[in-house]
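Here's the structure we're looking at; comments come further down.
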Protein chains: 2
Amino acid sequence: MAEQPQGQTIATVERAADVLNAFTELDGATVGVTELSERLGLSKAVVHRILTSLRVKGFVELDEDSRRYSLGPASLSLGLTYLQKIDVRDEARSFLRDLSEQTDETATLSVRRGDVRMYVDQVTPSREVKMTVQLGHPYPLHAGGSSKAFLAHLSDEFIDDYLSRPLEQLGPLTMTDPDIIRKDLALVRSRGFASSLGERQEGAGSVAAPVFGHENDPVAVISVCGPVERFQNEIDDIAPVLLESTRRLSRRLGWEA
Amino acid sequence: MAEQPQGQTIATVERAADVLNAFTELDGATVGVTELSERLGLSKAVVHRILTSLRVKGFVELDEDSRRYSLGPASLSLGLTYLQKIDVRDEARSFLRDLSEQTDETATLSVRRGDVRMYVDQVTPSREVKMTVQLGHPYPLHAGGSSKAFLAHLSDEFIDDYLSRPLEQLGPLTMTDPDIIRKDLALVRSRGFASSLGERQEGAGSVAAPVFGHENDPVAVISVCGPVERFQNEIDDIAPVLLESTRRLSRRLGWEA
DNA sequence: CCACTATGTTCCACTCAACGGAATAACGTT
DNA sequence: AACGTTATTCCGTTGAGTGGAACATAGTGG
C-alpha cells in the first residue's frame, strides 16, 4: 500500500509535478495551457510559468506553431534512468516476441508500483487490425486483465485496503463492486490467468498472467490482447500458451514453485 | 541550437527540475540529501522538502533503510510516454541485434535533443567482458563516437555555435580544442562513421554512424562499442558492417541518398 | 556499550518570490 | 476584417518558501 510520506512539502513543486503527471494521463501528444489550467484547477498564469520553468530544464518542449506543449528530453532521460532498474524487461522481450508470433496478437509486459501498473513493453503482430497499448500510462489495478493478474496475487491486506476505496470507472464494463471483484480475483487465482473483455478499454480483450521472481508478489504481468471480437473465441487457445511462457520466465527469474 | 525560452519562470520549479535532472546525471541508483545539497548549492532543508514533494507525486522513492532516494514510477511513466514519440527505436531493434551478433560486441542506439544525446537502447553480447552503456544519461556532442556521429552531420551554424562555448572534459582523452574537433568531424563525414578510443569514457572504444530519415539531420546514431583494447584492431572490420546497417535502416525510415 | 561523526528531518522567524486577475498578443476561422 | 479562443505578460499583494539551527537517526570504531 502506497504510504503517504510525512514531512513538509512545497506546494509549488507539487503543482509542477501535477503538470508533468498530466502529460502521462492525457491522450494527446501535445497539451495546451488552458487545458492544463482547467484540468488542474490552476490559473493559466501559473500553468504557463510552470511550463516555462520546465522548458528551461528540458522537461517539456513548446511547439511554436501550435503553441502547445509536449514532453522534452529530460523526461525521457528520467524514464530511461529508471528503466535501468527494471531487469525483467530485457528478459521478457523474447517471450513477448514468441507469444505475439504464436497468437498473432499483441503481447505486453506490465510492471506495478503501489496502486498502479503500466505497460513497459509490447510486441505487435504484422496484421492491420491489432491492438496497441500506451507505454507509461498509469492504470488502476481493478480493471483489465493485466491489472487483475497483479491484484489477484497480492496480499489480502493489500486487496482489502485497495478495495476499501472508491474505484474508478474506466468504461461502461469496468467492475467497481468489491464483492464482484473478489469473486473474479478468486477465479483468476484458480485458473492462473485473468481475462478481460472491455473492462479497461472498450473494445479491447486480453488474457494476462503473472510473472514471479524471488518474492511473493508478481514481478511483472504478461498479457496477450487484441480486439474484443476475436478474444471471445480465443481465450481457451491463448491461455495455455501464455501460462507456459510466464512459467518459463518466472523460473528464469528465480521463482520456485 | 537550443534556444533559451523567454518568459517568467518559477525558481522553485527550476530547483525541483534540477533535483530530478541530478538523478540522471549521477552514477549511483540512490542519492542522499547532503549529496544533492552540495551538488546543487541548495540548503539541505530545501532539498529535503523538494524530495518530499516529489515523493508525494511518485517521482522519487525513499529507501527507508538507507534513507536515500531513487527515482519513482512517475519518472518511468514520463519517460515511457516520451518514448512513444520515438518511432526509430522499434525499427532499430532488430538491426542492433544483428550487429551485436555479427560483431560480438554491444550495439547501441542514441537519439539527440539540442546539445545532448542519450542512449535509448542497447543489445549486449553473451560474452563476459563487454561494455554496457547507461540509458538516459545525457552526454555532450563532442566526446565519443556516437556524439561525434551526430555533430558531424549537423549544420555549420549549429557546429559553430556549439564549439563557441567551453567544452566539458569528460576524461583525460576528451578533445576540447575546437580546431582539432573540426578536423575530426571532417574525417567523420568523409569516412561516414566516427570512432572513439577513450574520449567519452576511459577504456571504452566505439564506432558509430548516423541514421537518417526524411530530414537533413540524423534521426539517430547506431554504435558498436566494447573495451578499447579490442577496438584498436577491430575498427576496420566493424565499420563496413555498421555502415551497411545504418544505410538499410535509413532507407527504411524514408531516407533518400 | 558508548562516543563520535555524518546524514536525514523538523522548526520557525523573516522576506521576497509566487500568485492571479486583467490586459495584451497571437492565432485560426469565417 | 472581425471575432472567438488561447497563449503570454504585467504588477500589486501577501503568504509560501527559505535557510540556519536544533533535533533525530544511523553507522563506525574503540
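Side chains are part of it too, since the values below use all heavy atoms of this structure and drop only hydrogens, waters and symmetry mates. A note on names: the letters A, B, ... follow the listed sequences, proteins ahead of strands, and every chain is numbered from 1.
Atoms CZ (B:R68) and C1' (C:dT7) sit 10 Å apart, rounded to a whole Å. Rounded to an integer number of Å, the gap from B:L36 CG to C:dG8 P is 9 Å. The CD-C1' distance, from B:E64 to C:dG8, rounds to 12 Å in whole Å.
In this structure, A:R200 and A:G144 approach most closely via the heavy-atom pair CB-CA, 3.8 Å. Shortest non-hydrogen contact noted between A:R165 and A:D115 is NH1-OD2, 3.4 Å.
Mapping B:G41 and B:R67 onto DNA chain D by nearest heavy atom places B:G41 closer to the 5' end of the strand.
For the salt bridge (charged side-chain N to carboxylate O under 4.0 Å, His left out) with B:E35, the lone residue among B:R68, B:K44, B:R67 that qualifies is B:R68. Each of A:L170, A:L151, A:T174, A:V116 was compared with A:P140 under the side chain to side chain contact (heavy atoms under 4.5 Å, CB included) criterion, and only A:L170 meets it.
Cation-pi geometry between A:R113 and A:Y82 is not met at under 6.0 angstrom from the ring centre and within 45 degrees of the axis.
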Next item on the list: Carefully, step by step, assess A:E91 and A:R252 under the rule salt bridge (charged side-chain N to carboxylate O under 4.0 Å, His left out).
Entry: CA-CA 8 Å; A:E91 296 289 340; A:R252 183 179 286 188; 3.3 Å; yes

Next item on the list: Starting at the 5' end of nucleotides 13-22 of chain C, put B wherever the base has a protein heavy atom under 4.0 Å, S where only the sugar-phosphate does, and a dash everywhere else.
Entry: -----SBBB-

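Overall, the helix from C:dC1-D:dG30 to C:dT30-D:dA1 carries an axis bend of 60° between its ends, with five pairs at each end and the value rounded to 10°.
For B:H153, the ring-ring contact (aromatic ring centres under 6.0 Å, His included) partners are B:F212, not counting sequence neighbours. With sequence neighbours excluded, the residues satisfying side chain to side chain donor-acceptor pair (under 3.5 Å) with A:S66 are A:D63. Here B:Y139 pairs with B:Y119, B:H137 under the ring-ring contact (aromatic ring centres under 6.0 Å, His included) rule; sequence neighbours left out.
Along DNA chain D, read 5' to 3', the first and last nucleotides having any atom under 4.0 Å from a heavy atom of chain A are D:dT6 to D:dT18.
There is a side-chain donor-acceptor pair under 3.5 Å between A:E14 and A:T9.
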